[in-house]
Amino acid sequence: MLSRIRQVMSALTARIGAEERQWINQYLTVNEQQLFWGMSVADQRHALNVAYSALRLAESNAVSVTLLLRCALLHDVGKVSGDISTIDKIIAVLVSSFVPEWAQSWGKPGKGSRYQNLRHAFYVHFYHPQRSAQLLTDAGTEARIIDIVQKHHKTPAGDDPPELIILRKADAAN
Ligand SMILES: [Fe+2]
Ligand SMILES: [Fe+2]
């Protein structure tokens with residue numbers, strides 16, 4: 001619970017500097033850059049912090065660092081800026097941490113009324129990996145990355161590539 005509150009607080013004060021912006025762009029195609037910068041600043045900051053954590057975790061593992069960083073930077077692009085409000089996002093994150101199964105079944109895509117927007121926020125919270133994968137497919141991203149992004153909240157499986165295992169750890173730490 002405390003870590004969730006800390007996560008919300010840091011999301012509200014997130015910033016990305018000019019040097020970091022350059023560092024991010026060098027790993028992404030023009031289409032992917034559009035998706036990355038199309039997230040809210042809070043989600044951009046989260047993805048960047050996941051990339052930094054992944055880089056540290058990669059040191060002791062045999063992985064493709066470029067592939068790993070691209071997965072980290074792109075894993076949440078399905079959370080498009082302006083799609084859900086900050087308060088709905090906070091409610092979705094907190095409620096989902098208490099009653100995940102109920103929250104997942106209550107989520108429903110489609111915006112409109114205040115009530116529909118909140119249900120949409122719950123939907124995005126649980127189904128953003130699929131949305132990310134679809135956007136990346138449209139952007140022409142390679143299949144290996146799309147596969148990893150799509151599975152980043154799925155239960156670990158025996159044939160998971162090492163980049164996916166590290167991405168999950170880095171994501172959980174941020
Ligand atoms: Fe995610
Ligand atoms: Fe994430």
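Quick caveat: nothing in here was measured; it's all calculated off a predicted structure. Numbering of ligands and ligand atoms starts at 1, following listing order.
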Query raised in the report: Is the closest side-chain donor-acceptor distance between Tyr52 and Glu20 under 3.5 Å?
Result: yes
Query - Donor on one side chain, acceptor on other, Asp83 and His120, under 3.5 Å - result: yes
Query raised in the report: How wide is the angle at the Fe ion (ligand 1) between NE2 of His128 and NE2 of His153, to the nearest 10°?
Result: 90°
Query raised in the report: Within the side chain of Ser96, is there an N or O that forms a donor-acceptor pair under 3.5 Å with the backbone of Val93?
Result: no
Query raised in the report: Is the Fe ion (ligand 2) less than 2.8 Å from an N/O/S atom of Asp171, whether that atom is in the backbone or a side chain?
Result: yes
Query raised in the report: Could Lys89 and Asp43 be called an ion pair, given the rule that one side-chain N must be under 4.0 Å from one carboxylate O?
Result: yes
**Report entry** Whether His75 has an N, O or S atom under 2.8 Å from the Fe ion (ligand 1)
**Finding:** no
Query raised in the report: In Asp76, the N, O or S atom nearest to the Fe ion (ligand 1) is which?
Result: OD1
